[in-house]
Amino acid sequence: MYQAIVFLPLIGFLIAGLAGRSIGARASELITSGLLVISALLSWVAFISFGLGDEKSFVIPIMRWVNSGNLNVDWSLYIDTLTVVMLVVVNTVSALVHIYSIGYMHSDPHRPRFFAYLSLFTFSMLMLVTAGNLMQMFFGWEGVGLASYLLIGFWYKKPSANAAAMKAFIVNRIGDFGFALGIFGVFVLFDTINLDTVFANAASFAGQEGGENAAPVLNFAGYALDRSSAITIVCLLLFMGAMGKSAQFLLHTWLPDAMEGPTPVSALIHAATMVTAGVFLVARMSPLFELSVTALTVVTFIGATTAFFAATVGLVQNDIKRVIAYSTCSQLGYMFAALGVGAYGPAIFHLFTHAFFKALLFLSAGSVIHAVGDEQDMRRMGGLRKHIPKTYWMMIIGTVALTGVGIPGTILGTAGFFSKDAIIESLYVGQNSWAGYAFGMTVIAALFTSFYSWRLIFMTFHGRERAPADVMAHIHDSPKVMMVPLYILAAGALFAGVMFYGIFIGDGYSDFWKGALFTSAENEILHDIHGVPLWVKLSPFIMMVTGFFLAWLFYIRSTYLPGELAKQHPGLYKFLLNKWYFDEIYDFLFVNPAKWLGRFLWKKGDGWMIDGFGPDGISARVLDITNRVVRLQSGYLYHYAFAMLIGAAALTTWMMFGGAG
C-alpha cells in the first residue's frame, strides 16, 4: 500500500510527461488526477490504520542505493505517525488541486506538461516525507525545488514568470547549501545519516562531556567545536535549509513572487508541498534539535519575527494572491515559533489544518481570478458577492478558518481556531528565553491576520463594482470540476480542528504519535496550556474580532479612511507596500555587486585578458600577418619580376660583402 501511495504520482508523471502528446491532454488530466485520487484515498487508509492503530514505526526497503566506505544508504520508506500525517496532507491537497486544474487550465495548450509537473511535485514531496535517511530527504528536497521552478515558470514566455522561477530557485539554493552542510555535519558526528541510528545515539553523544570527550569533534569555518557546539551548528545549518524552503524571515523573498505561476501551483506550494518541507524537517529532526537550546531559541525568534513581518506586509497588498501568500509566510512563522519551544504537536497540527484552509483560499482566489478575466488586483474588483455566491461563501469559510473564528473554552470553532490558539498558548507557557517575544508577536499577528483577511473579502466581494462593464457582464461561478474540490476543502477548514484536536494535541497525543515527535517538554506544555490564564485564551479571540471590526470600518463603513491614513503616514505605508524594502536591500548588497563582478570578469577578465591575449589575440595576429602577406600577391608579372630582381640583387650584395669578410 505504501509503495502505491508514493509511486502512483511518479507513474502519472512519466505517462503524462513522456506520452502526453500521444495520448492527448484529456487523457493526461484523467490519468494523473485518477492516480492522485487513489494515492490520497490510500493515504487516509494508512492514516487511520497506523495513526489510530497499534502499529509501530517500520521501514519498507525499496533498493540498495549508496555504499561507499562508512556511508551505507538504502532507498526505503520510513513509516511512522508523522509520515502518515504528511501523506494525508500532501496527497489530499494534491489530488484536489489536480481535479481543480482540469477546469482552471482547460484552455491551456500545454496541459499534459502541466499535469506531469504537478505529479512530479507530489512525488518529490512524498520522497521527502518518507525518507529514513538524510540523503533521500535531500533528494526529495531538491526535487520539490526543481518542480517549483518548472511550475512557477510554467508560462515560460512570460518574463515575470521566468524571473520569479529563477528567484525561487536561487534563494532556495542558499538554504539548501546550509542543509547540505548540516547533512555533512551529521555524518561527521554520527558516522551515518540514517535517522534511526542518529536519533538512537544523539542523546548519549551529547551527554558525553568532560575528559577526552571534551576534545573537538568538528571543525567548522576554522573553529574547533566540542560536542555541544557541534550539535548546535549542525542544527542551525539544518534550520537554514528549512528557512529557505519554508520562506522564513531573510529567505522569504521568493514566496510572493511565486504567485506568477498558475493559481493551482500556488495552492500546492503553499498548502501541501515546498513550504511545509521546512516545518517537517525540524519536526523530524526534533531529537537532534532538543539537544541544543541555542538552536531552538533561534527557531523561535525567526518564526515569531516571520509571523509578525509577513502579517504587516499583508496589510497593504492589493494583489489577491499576494495577500494570501504573505498569510502563508506568517502562518509558517507560527509553526516554527511552536517548534522552537518544543510544541511539536501543535506545530504539526497547525500544518495539518492550515493545508485545508490555505488550499481553499488559494483555489477560491483562482475561482475569482477565473471569473474576472485573470484580473488579480482587488482594487479592480468589488461587488462580486452576488455574481459568484458559491465562490464567495467558500472564501468566507477559508477566511473564518484562517482568522481562527471560535469560542474560547468550547469545541465550537473552525480548524484554525484550535491549532492557532494552541500555538499561542504553547508560546505563553514555553520555557524558551524568546517564548515571551514569540507570544507577543503571534498575538499581534493574529490581529493583522484578521484585518488583511477581511480586507480581502470586503475589497473583492463587497462595495461598488469596480471591474469594467464588459467583465461584469460575463462573471459567473466556476464549473463543478473546480467547485467540488472547494467544497471538500471547506469541510476540512471547518471541522478538521474539532475532529483531530484530541489525537494531535489532546488526551490521545501519546497513543497517536507513538514517539514520532520527540521532546522532553511536550507533555508538560500540552498539560500547561489547559491552565493558562483566561486573558491568554481570550487574546487571539479579541484580536480576531478587533481585526474584523477595523476591516469593516475601513472598507465598508468609512472607505475614505485607508487613503487618509496612507497620506498621514506615507513613510510607513511605502515601507509596508515595498515589503520592508528587502528586495531593494538584497539588490544593493548582493544582486548588483554580483552583476558588476560578473560583467567585469566577462568583459575584462574573459574578453580582454583571456581571449584578447589568448586564442582571440593569437588568431588576430595571424590574420594580421597573413593579410599583410596577401597584399604582396598582386597577380602582376612585372611585380614578381621586380621582386625577383631585388632579391637577386640583395643576395648578390650579401655574398659579395660576406665573402669579402
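Here, residue 1 is the first one in the sequence, and each next residue gets the next number.
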Donor-acceptor side-chain pairing of Tyr104 and Thr263 below 3.5 angstrom: yes
| query | Would you find a donor on one side and an acceptor on the other, under 3.5 Å apart, between the side chain of Gln317 and the backbone of Asp319? | reply | no
Any non-hydrogen side-chain atom of Ser364 less than 4.5 Å from a side-chain atom of Leu486? yes
When Phe301, Phe582, Phe308 are each screened for side chain to side chain contact (heavy atoms under 4.5 Å, CB included) with Phe249, the one that passes is Phe582
Identify each donor-acceptor pair in which a side-chain atom of residues 529-536 lies under 3.5 Å from a protein atom, sequence neighbours left out, and give them as a table.
from	atom 1	to	atom 2	distance (Å)
His530	NE2	Leu526	O	3.3

Q) Near Lys537 NZ, under 6.0 Å, is it more than 12 heavy atoms from other residues, nucleotides or ligands? A) yes
field: Lys167/Asp257 under salt bridge (Lys or Arg N to Asp or Glu O under 4.0 Å): CA gap, chis, key distance, verdict
entry: CA-CA 8 Å; Lys167 186 176 183 180; Asp257 290 0; 2.8 Å; yes
TODO: Check the pair Phe239 / Phe289 against side chain to side chain contact (heavy atoms under 4.5 Å, CB included), numbers first and verdict last.
DONE: CA-CA 9 Å; Phe239 178 59; Phe289 276 84; 4.2 Å; yes
Can you find a pair of side-chain heavy atoms, one from Thr276 and one from Val89, that are under 4.5 Å apart? no
In this structure, NZ of Lys321 is separated from CD of Glu260 (nearest 0.5 Å) by 8.0 Å
Rounded to the nearest 0.5 Å, the CZ atom of Phe548 sits from the OG atom of Ser453 at a distance of 12.0 Å
Side chain to side chain, Ile505 and Phe418, heavy atoms closer than 4.5 Å: no
Heavy-atom nearest pair, Gln248 first then Cys329, reads NE2-O, 4.1 Å
Exercise for the section: Using a cut-off of 6.0 Å, state whether more than 12 heavy atoms not belonging to Trp580 lie near its atom CH2. Expected result: yes
*Can you check side chain to side chain contact (heavy atoms under 4.5 Å, CB included) on Met394 and Met483, steps first, answer last?*
CA-CA 9 Å; Met394 293 301 99; Met483 295 305 299; 4.1 Å; yes
Fill in: Flag side-chain contact, heavy atom, 4.5 Å: Leu402 against Gln331
yes
Are side-chain heavy atoms of Lys386 and Tyr392 found at a separation under 4.5 Å? no
Discussion item. Please tell me whether Thr253 and Asp583 have a donor and an acceptor in their side chains that are separated by less than 3.5 angstrom.
Written reply: no
Can the ring centres of Phe512 and Phe47 be said to be less than 6.0 Å apart?
-> yes
Subject >> Leu384 vs Met472 side-chain heavy atoms within contact, under 4.5 Å >> reply: yes
To the nearest 0.5 Å, atom CE of Met381 lies from atom CD1 of Ile475 at 9.0 Å
Is there a donor-acceptor pair closer than 3.5 Å between any side-chain N or O of Thr122 and the backbone N or O of Leu118? yes
Review point. Given the rule in the side chain to side chain contact (heavy atoms under 4.5 Å, CB included) test, do Met441 and Phe309 qualify, once you have shown the distances and angles that lead to the verdict?
Key: CA-CA 9 Å; Met441 290 294 100; Phe309 152 75; over 6 Å; no
Looking only at heavy atoms, the pair that brings Leu456 and Thr460 closest together is O-OG1, 2.8 Å
Does the Ser246 side chain pair with the main chain of Met243, one donor and one acceptor, at a distance under 3.5 Å?
no
Heavy-atom nearest pair, Val405 first then Phe417, reads O-CB, 3.5 Å
* To do: Might you confirm whether atom CD of Gln431 has over 12 heavy atoms from other residues, nucleotides or ligands at distances under 6.0 Å?
  => no
Between Arg379 and Arg466 the two heavy atoms that sit nearest each other are O-NE, 2.9 Å
Is the CZ atom of Phe549 crowded by more than 12 outside heavy atoms at less than 6.0 Å? no
Rounded to the nearest 0.5 Å, the CG atom of Leu96 sits from the CG atom of Leu489 at a distance of 5.0 Å
Would you say that more than 12 heavy atoms from the other residues, nucleotides or ligands in this model lie under 6.0 Å from the CG of Leu565, or not? yes
- Task: Count the heavy atoms belonging to other residues, nucleotides or ligands that lie under 6.0 Å from CG of Asp507, then report whether that count exceeds 12.
- Result: no
Any side-chain heavy atom of Thr353 within less than 4.5 Å of one from His350?
yes
So CH2 of Trp552 and OG of Ser558: to nearest 0.5 Å the spacing works out to 7.5 Å
is_close_aromatic(Phe349, Phe500), centroid dist under 6.0 Å | no
Between Ser450 (side chain) and Leu447 (backbone), is there a donor-acceptor pair under 3.5 Å?
-> no
Separation between OG1 (Thr391) and NE2 (His370), nearest 0.5 Å, reads 10.0 Å
Next on the checklist: For a side chain to side chain contact (heavy atoms under 4.5 Å, CB included) check, start with the C-alpha distance between Lys358 and Ser327, then their side-chain angles and the critical distance, and finish with the verdict.
Outcome noted: CA-CA 9 Å; Lys358 189 52 57 72; Ser327 168; 3.1 Å; yes
Heavy atoms of Ala40 and Asn91 approach each other most closely as CB-O, 3.5 Å
Closest non-hydrogen contact found for Ala258 with Ile152 is CB-CD1, 3.6 Å
Inset, instruction - Output yes when a side-chain donor or acceptor of Asn432 lies under 3.5 Å from a complementary backbone atom of Thr300, and no otherwise. - result: no
Open item on the list: Donor-acceptor check, side chain of Trp254 to backbone of Gly244, threshold 3.5 angstrom: yes or no?
Closed with: yes
Quick one: does Tyr509's side chain get under 4.5 Å of Ile503's, heavy atoms only?
no
